[in-house]
Colleague: 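Dropping a structure here in structure tokens format, bear with me for questions.
Keep in mind that this is a model prediction, so the values were computed, not measured.
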Amino acid sequence: MKYTELGKTGIKISVMGFGGIPIQKLSPDDMPALFDAMEELGINFIDSARGYSVSEEYIGIGISGRRDKFVLATKSMSRDKASMAADIEKSLSNFKTDYIDLYQIHNPTPDQLRAVCAPGGALEALFEARAAGKIGHIGLTGHTLEIFDMALGLDWVETFMFPYNIVETQCESRLSALRAQGKAFICMKPLAGGAIENGRAAMRFIAANENVTVVIPGIATASELSENTAAYLDPAPLSGEEKAEFETVRAQLGTVFCRRCGYCAPCTVGINIPVMFTLAGYLERYGLAPWARERYAAQKATAADCIGCGACEERCPYDLPIVSLLKKVSEEFR
């Protein structure tokens with residue numbers, strides 16, 4: 001494993017991290033073995049969130065008896081002081097620890113971020129928790145370049161988490177500025193929320209950018225841990241074939257695609273929107289039409305049930321035209 005410093009925090013972290021979203025689908029009994037594999041590989045940076053249902057609790061099981069082996073990061077969508085203070089306490093309880101290395105403000109809009117920084121905002125709770133030794137450092141996460149630019153202008157931001165992958169390269173022009181400020185860049189969605197199926201290509205693309213501090217693919221199995229790590233640590237320069245593969249992935253996915261972040265939920269009529277787009281991807285790109293049609297037909301609500309209310313579009317951090325995309329999915333599955 002290779003290690004680096006998390007910005008100017010002084011914390012030594014593995015360049016390959018662990019994204020705690022997928023473990024929600026596992027069992028608590030799976031955690032000891034998964035964290036054994038992580039420790040064996042030297043992966044010590046773990047990211048979760050208050051919004052990831054049981055993720056924090058499961059991580060708490062995994063790190064039990066070896067808290068000092070891992071650097072814990074989590075995040076909250078609370079915007080006011082009282083709610084953030086409560087979330088910090090809940091995270092500490094879930095992790096079964098008395099300190100969290102990095103606590104992040106989770107995906108605010110520009111207006112919400114201004115509220116976080118205002119008197120009575122969530123930032124006050126983070127400062128107080130840091131002074132009390134409950135958290136070590138403060139970070140920010142986002143999905144838009146406007147938030148990225150705000151992060152560059154905020155002195156208290158020590159780390160910034162943003163999507164970066166083969167097809168989402170919009171932040172590249174800002175990464176060197178972030179690094180120059182001594183702020184760590186945490187790369188999320190390295191596989192574009194699962195849309196990029198070639199995990200090795202995805203990891204190799206990110207590893208080639210020196211401005212990435214740590215990458216946090218969502219991981220649920222020991223085999224995924226080892227495969228991602230082997231690809232990310234491969235010292236060979238990118239080949240012409242790999243660069244051609246990147247272009248193939250870009251051509252397949254384009255820029256308007258679902259990252260499966262789930263922020264569009266809940267749908268007014270109960271459509272699992274990310275599943276609709278996932279099945280459409282299998283239908284369109286991967287030669288699995290019979291399987292995709294069978295799964296589509298088994299859904300309680302499908303793209304054909306969309307009433308066009310637009311509530312999902314208001315929540316989508318990528319400003320996707322979800323209603324029209326669902327209409328297209330419905331037509332493809334007829």
Colleague: Can you tell me how far the CE atom of M84 sits from the NZ atom of K81, to the nearest 0.5 Å?
Modeller: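 Separation between the atoms: 12.5 Å.
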
Colleague: With distance as the sole criterion, is a donor-acceptor pair present between the side chains of Q104 and T74 under 3.5 Å?
Modeller: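 There is no such pair (donor and acceptor under 3.5 Å, judged by atom type) between the side chains of Q104 and T74.
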
Colleague: Compute both the distance and the angle, then confirm whether R67 meets the cation-pi test with Y99: under 6.0 Å from the six-membered ring centre, within 45 degrees of the axis.
Modeller: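 R67 over Y99 ring: yes.
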
Colleague: Quick one: are S91 and R50 in side-chain contact, heavy atoms under 4.5 Å?
Modeller: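 Answer yes - side chains close enough.
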
Colleague: State, without any angle test, whether S14 and N44 hold a side-chain donor-acceptor pair at a distance under 3.5 Å.
Modeller: yes

Colleague: Please confirm whether the backbone N or O of E172 pairs with a side-chain atom of T169, one donor and one acceptor, at under 3.5 Å?
Modeller: no

Colleague: Just wondering, more than 12 heavy atoms not from R293 lying within 6.0 Å of its CZ?
Modeller: yes

Colleague: Check this for me: D68, atom CG, are more than 12 non-hydrogen atoms of other residues, nucleotides or ligands nearer than 6.0 Å?
Modeller: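 Above 12, so yes.
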
Colleague: So, S78 side chain and D80 main chain: donor-acceptor pair closer than 3.5 Å or not?
Modeller: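 Side chain of S78 to backbone of D80, a donor-acceptor pair under 3.5 Å: no, none is there.
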
Colleague: With the threshold set at 4.0 Å, does a side-chain nitrogen-carboxylate oxygen contact exist between K96 and E57?
Modeller: no

Colleague: What residues form a ring pair (Phe, Tyr, Trp, His ring centres under 6.0 Å) with F70, not counting sequence neighbours?
Modeller: F35

Colleague: Think R259 forms a cation-pi with Y318, using NZ or CZ under 6.0 Å from the six-ring centre and within 45 degrees of its axis?
Modeller: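 Yes, a cation-pi geometry.
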
Colleague: When you measure from the side chain of K183 to the backbone N and O of K8, does any donor-acceptor pair fall under 3.5 Å?
Modeller: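 Not confirmed, K183 side chain does not pair with K8 backbone.
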
Colleague: Would I21 and M188 count as a side chain to side chain contact (heavy atoms under 4.5 Å, CB included) here? Give the steps.
Modeller: CA-CA 11 Å; I21 293 180; M188 69 169 162; over 6 Å; no

Colleague: Atom CD1 in I147, atom NE2 in H143: separation rounded to 0.5 Å?
Modeller: 11.0 Å

Colleague: Can you list the residues that meet the side-chain hydrogen bond (donor to acceptor under 3.5 Å, both in side chains) rule with S53, with sequence neighbours excluded?
Modeller: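 So S53 forms a side-chain hydrogen bond (donor to acceptor under 3.5 Å, both in side chains) with Q24.
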
Colleague: Run the salt-bridge test on E89 and K134 with the 4.0 Å N-O cut-off and return the result as yes or no.
Modeller: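 Yes.
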
Colleague: Parallel, tilted or perpendicular, judged at 30° and 60°: which one describes the rings of F246 and F205?
Modeller: perpendicular

Colleague: Whether R130 and E158 form a salt bridge (side-chain N of Lys/Arg under 4.0 Å from carboxylate O of Asp/Glu) is what I want to check.
Modeller: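 Looking at R130 together with E158, the answer is yes, because their closest N to O distance falls below 4.0 Å.
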
Colleague: One pair to check against side chain to side chain contact (heavy atoms under 4.5 Å, CB included): Y58 and S48. What are the steps and the verdict?
Modeller: CA-CA 10 Å; Y58 282 11; S48 185; over 6 Å; no

Colleague: Could I get the full list of ring pair (Phe, Tyr, Trp, His ring centres under 6.0 Å) partners for F95, not counting sequence neighbours?
Modeller: none

